[in-house]
Peer 1: 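Take this structure, written in structure tokens, and hold onto it; I'll ask about it next.
Just so you know, residue 1 is the first one in the sequence shown, and it goes up from there.
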Amino acid sequence: IPCIATQREPRLPKPIGWHPDMQAGILGGQIFVLKGSPLKERLESYHLSVRETAEVPGQAYPKDALCNVLSWGHQVAGNPKTADQNILQEAQRSKMNWIPVKQGYTACSTALVDDNSAITADQGVATALIREGMEVLCIEGGYIRLPSYSTGFFGGCCGKLAPDRMI
């Protein structure tokens, strides 16, 4: 499995400037990266389909959460008020089921275990996913450190290495 390392994105707040879920969002067969990001070229070198956000990221919420959506199959969960318009349009064009949540850091806050289950400490995200028929393990928040933030997010510190391997 090739590892595509991120570089620090100086347009994002320093503590989260390296985080992949802040720099890119996967939607079906497309990867969306922040407008003007060098990550676009690196991902394209792997022959991946990459598009940029319409908006330029910023140092503060909600401009730092443009790509922070969580998608699987024909589902996508995210805050429609913080997600970039290109992501919203692609979800609509692809006829994906948009699951609206208030959490702008949806990908950060949620770990997909598989297409039917997830782990999160965010009650709003959990409620929305359960309503869609997913099994959700709700954990207690506050035990993941993220400098300059009151808490980190479980989804931001783990991911899938393979269909049956989570790290």
Peer 1: Are the charged groups of Arg51 and Glu90 less than 4.0 angstrom apart, N to O?
Peer 2: yes

Peer 1: For Glu44, look at atom CD and say whether over 12 heavy atoms of other residues, nucleotides or ligands are found less than 6.0 Å away.
Peer 2: yes

Peer 1: So, using salt bridge (Lys or Arg N to Asp or Glu O under 4.0 Å) as the criterion, who are the partners of Glu132 when residues are at least two apart?
Peer 2: none

Peer 1: Any chance you could measure Ser94, atom OG, to Gln30, atom CD, to the nearest 0.5 Å?
Peer 2: 7.5 Å

Peer 1: Rounded to the nearest 0.5 Å, how far does NE2 of His19 lie from CD of Gln23?
Peer 2: 9.5 Å

Peer 1: To the nearest 0.5 Å, what is the distance between CG (Asn68) and OG1 (Thr110)?
Peer 2: 9.0 Å

Peer 1: For the residue pair Gln103 and Phe153, establish whether any side-chain heavy-atom pair is separated by less than 4.5 Å.
Peer 2: yes

Peer 1: How many angstroms lie between CG in Asn97 and CD in Gln75, if you round to the nearest 0.5 Å?
Peer 2: 4.5 Å

Peer 1: For Arg165, check salt bridge (Lys or Arg N to Asp or Glu O under 4.0 Å) against everything at least two apart and list the hits.
Peer 2: none

Peer 1: Are Ile119 and Val125 joined in one hydrophobic group, where the rule is that I, L, V, M, F, W and Y side chains link up if heavy atoms are under 4.5 Å apart?
Peer 2: no

Peer 1: Among residues at least two apart in sequence or on other chains, which ones pass side-chain contact (heavy atoms from CB on, under 4.5 Å) with Ala24?
Peer 2: Ile31, Val33, Leu39

Peer 1: Side-chain contact, heavy-atom cut-off 4.5 Å: Met96 with Ser71?
Peer 2: yes

Peer 1: Applying side-chain contact (heavy atoms from CB on, under 4.5 Å), name anything that partners Asp115, two or more places apart in sequence or on another chain.
Peer 2: Trp72

Peer 1: Output the distance between atom CE (Met22) and atom CD1 (Ile16), rounded to the nearest 0.5 Å.
Peer 2: 3.5 Å

Peer 1: How long is the straight-line distance from SG of Cys138 back to CG of Asp122, given to the nearest 0.5 Å?
Peer 2: 9.0 Å

Peer 1: Only counting residues at least two apart or in another chain, list the ones meeting salt bridge (Lys or Arg N to Asp or Glu O under 4.0 Å) with Lys102.
Peer 2: none

Peer 1: Could you give all pairs that pass the ring-ring contact (aromatic ring centres under 6.0 Å, His included) test and reach residues 40-61, with sequence neighbours left out?
Peer 2: Tyr61-Tyr105

